[in-house]
Protein chains: 2
Amino acid sequence: MDQNPPRSTSVTVADVARRAGVSKATAARVLGGYGTVSDRVREAVTAAARALDYRPNELARSMTTGRSGTIGVVVGDIENPFFSLAVRGITDVARQAGFTVILINSGEDVTAEKAAIRTLLAKRVDGLIVSPAKESELDHLQEVARSGRPLALLDRGSEALAVDTVIADDRNAAEAVTRRLLALGHRRIAYITACDTSDHLFRTPTDINTGSVRRRIEGFLDICREAGLAEMERWVHVGASSPEHTRRIATDMLRASGRPTAIIASDSVIGLEVFKASCAIGLAIPSDLSLVSFHDADWTSVTSPPVTVVRQPVYRLGERAAQLLVERLNGEGMEARRVVLQTEIVERASVAEAPA
Amino acid sequence: MDQNPPRSTSVTVADVARRAGVSKATAARVLGGYGTVSDRVREAVTAAARALDYRPNELARSMTTGRSGTIGVVVGDIENPFFSLAVRGITDVARQAGFTVILINSGEDVTAEKAAIRTLLAKRVDGLIVSPAKESELDHLQEVARSGRPLALLDRGSEALAVDTVIADDRNAAEAVTRRLLALGHRRIAYITACDTSDHLFRTPTDINTGSVRRRIEGFLDICREAGLAEMERWVHVGASSPEHTRRIATDMLRASGRPTAIIASDSVIGLEVFKASCAIGLAIPSDLSLVSFHDADWTSVTSPPVTVVRQPVYRLGERAAQLLVERLNGEGMEARRVVLQTEIVERASVAEAPA
DNA sequence: TTGAAAGCGTTACCAT
DNA sequence: ATGGTAACGCTTTCAA
């Protein structure tokens, strides 16, 4: 009763068919689960397949069907808790819908993003979810549209692009945060983002190509303007693209004589560094410095003091994007949908009145 | 000079060949970058390809070459910072080596893991990196081996499986931590892990199927035994598989009369919940309770007090696993390698002498 | 250097 | 219900 050792070259429908004594087409029908076959034949084929340890070749299947059962996902950095949570949302929905996910990090670099999309398209993914690094460059995104494959944008949209988009209500969140800070008497309020400009200086929101962040900064500046504060542009700091950069920026800023009395961090990674920097310098939160961070990262509730955050429905952001994509993959062509998920300010203890 | 709108059906080498006035084979040679062609022909084909906006079909290419340029990755939960960091290490190496990554979450569930591997194999990934949920069940892993595709194990190995493996020095880390705690007079030391058993009770390390965790618990118990502490088994708690479960376990434990004076958390997610629970109960760290957590998550340095952790080279874990895999993908068959990365205890302020 | 034709493993269409 | 055969888009002999 010795089994033949499985051959190195994989067994195909033809092999199974031969062993079962039926035609390739028939074997394919039962193996692929389509068409109609008699019970007797079905059993024979199934048995043969098991005996031979048959493994379907999805590649070949995709070749003929035109569907790969795969969706491509391009995010800035999977290491960032924001994206890893969003990706979890995506993969959960994808798996349930029978799709598998190819993940590529862009490192927030447009060139890498383009390459990623090219790769994904070449691999014939059925659809893509992208969190575009820059809104300004979207040739490659239009390329996707032209390829006929559905695309969904995550966290960052573009008015110019008629594709399904899921973003958070960033502008409102920033406005609310700014109002709150203003009401507490803060006038020197800094905004720190990982986005960068060519000369690492901020002048106007149009310098910021990352949609979600631009909207926040616009909200921040608008509310300041409404309150009669001019030239708040000089309080927005760009280029906090790594913990080291952030530390440097925060430290310099907090050591300056006219240091801010409040800081808004554009994501939790930045928020964490600001927190550290202020501790290191010996500034007390919130008496010396108020801190608000975007993204309700798990640690924010456990510091002393716990930090006030803008809670974004990150998992649902990914989940929703995947849902839109899957619907479009299954269903008919409909209008591009733009869903905006609500944010919420979680007041904790890192915000207080501005020091006198 | 009007361009024809790109056709919905994709353009193939045949189309390009026709337009360039050469044979399919020749066009394929320049498009695929193999064989030899005259400069004149090369230009013609390139021009035609550009004009037609030709996109290679990687699927078809894979069909004939047998290589998909893809590696499959199966991890417990991408949302866990441990895995998201490891995955970053993997994707970085993979991309640089020209591979793209298909990511699947197993949710630490063996059934899901099996399905994932089946899917990956069907998609003809060139190799796999798996962080096996259980060491006890490895039929599906051997299946991979039999399929002829290289496999690398991440963070969790199996003596029984002769495949490339990258793990951290978990046992030593646990031993060192335990010794330290013992030296400080702790006798009631709890270990909390997400791993679970059928009856949610711990009896012996063999109950624990996750290799890395089992090794830690073995180290913990051994050192305790050496110190003359018997039956420390009752201090290891399993089933902290979600923040809610962890909170429940930690709270119950800390409210009991004979509560532990020290807790070892098996990962940073658990560590965080324990930290929260002890705060909520009003226990002071480290005077009432010492806390050590595995994984040097970013937040651990910023709490009050900052928490002592076992620093694992998580990024390098992923990086190394990917390197081993890629080497095997390119090179010849060599012996299975087992690399063990050193850990390091980062002493902060969450550990102190046991309360009297 | 170039071309013709044979695969790769499926599915899909058309007979039977 | 089943079988024969042509796609799918590419690479790879093998000749010329």
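Below, read A as the first sequence line, B as the second, and so on, with proteins coming before strands; counting in each chain starts at 1. Hydrogens, waters and symmetry mates play no part in the numbers below; they use all other heavy atoms, side chains included.
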Point to revise | Under-3.5 Å donor-acceptor pair between B:Arg55 side chain and D:dG9 base | key: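 Answer is no: no donor-acceptor pair is held.
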
Give a yes or no answer on whether the side chain of [X] reaches the backbone of [Y] with a donor-acceptor pair at less than 3.5 Å.
X	Y	result
A:Asp164	A:Arg337	yes
B:Arg19	B:Ala48	no
A:Asp126	A:Ile71	no

Practice item. Name the first nucleotide and the last nucleotide along DNA chain C (5' to 3') that come under 4.0 Å of a heavy atom in chain B. Key: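 It runs C:dT1 to C:dG9.
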
Check your understanding: What do the steps show when you test B:Lys114 against B:Glu143 for salt bridge (charged side-chain N to carboxylate O under 4.0 Å, His left out), and what is the final call?
Key -> CA-CA 10 Å; B:Lys114 285 182 181 172; B:Glu143 212 171 288; over 6 Å; no

Review point. Which residues, if any, of residues 120-128 of chain B bring a heavy atom under 4.0 Å of DNA chain C?
Key: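 When residues 120-128 of chain B is checked for heavy atoms under 4.0 Å from DNA chain C, there are no hits whatsoever.
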
Review point. Applying side chain to side chain donor-acceptor pair (under 3.5 Å), which residue pairs with at least one partner in residues 76-104 of chain B are found, sequence neighbours left out?
Key: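 Residue pairs passing side chain to side chain donor-acceptor pair (under 3.5 Å), neighbours aside: A:Asp77-B:Arg88, A:Arg88-B:Asp77, A:Asn105-B:Thr91, B:Arg88-B:Asp92, B:Asp92-B:Tyr315.
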
Testing the basics here: between [X] and [Y], what is the closest heavy-atom pair and its distance to 0.1 Å?
X	Y	answer
B:Ala17	B:Ser23	CB-O, 3.6 Å
B:Leu151	B:Val163	O-CB, 3.8 Å
B:Ala133	B:Asp109	CB-N, 4.2 Å

Rounded distance in Å - [atom1] ([X]) to [atom2] ([N]):
X	N	atom1	atom2	value
B:Asp15	D:dC8	CG	C1'	13 Å
B:Arg61	D:dT12	CZ	C1'	14 Å
B:Met63	D:dC8	CE	C1'	10 Å
A:Lys24	D:dG4	NZ	P	10 Å
B:Arg18	D:dG9	CZ	P	11 Å

**Study point:** Pairwise distance CG(B:Leu154) to CZ(B:Phe82) - rounded to 0.5 angstrom
**Key:**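 That separation rounds to 6.5 Å.
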
Point to revise | Inter-residue atom distance A:Met334.CE - A:Glu327.CD, 0.5 Å rounding | key: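 A:Met334 CE to A:Glu327 CD: 5.5 Å, rounded to 0.5 Å.
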
**Study point:** Phosphate OP1/OP2 of D:dT2 contacted by A:Thr26 side-chain N/O (<4.0 Å)
**Key:**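 Indeed not, no polar side-chain atom of A:Thr26 lies that close.
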
Check your understanding: Taking only residues two or more places apart in sequence or in another chain, which ones pass side-chain contact (heavy atoms from CB on, under 4.5 Å) with B:Glu58?
Key ->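 Result, side-chain contact (heavy atoms from CB on, under 4.5 Å) vs B:Glu58: A:Ala122, A:Lys123, B:Arg61, B:Ser62.
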
Check your understanding: Does the side chain of A:Arg124 reach to within under 4.5 Å of the side chain of A:Arg149, using non-hydrogen atoms?
Key ->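 With C-beta onward as the side chain, the pair touches.
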
Point to revise | Strand contacts (DNA chain D) in residues 31-48 of chain A, 4.0 angstrom heavy-atom criterion | key: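 Those residues whose heavy atoms fall under 4.0 Å from DNA chain D, taken from residues 31-48 of chain A in numerical order, are A:Thr36, A:Val37, A:Ser38, A:Val41.
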
**Study point:** First encountered from the 5' end of DNA chain D, between A:Thr64 and A:Ala25
**Key:**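 Upstream on the strand: A:Ala25.
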
Exercise for review: Could you tell me whether the side chains of A:Ser131 and A:Asp155 share a donor-acceptor contact shorter than 3.5 Å?
Suggested key: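 No, A:Asp155 and A:Ser131 have no side-chain donor paired with an acceptor closer than 3.5 Å.
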
Practice item. Quantify the bending of the helix from C:dT1-D:dA16 to C:dT16-D:dA1 as the angle between its end axes, each fitted on five pairs, to 10°. Key: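 That helix has its two terminal axes inclined by roughly 40°.
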
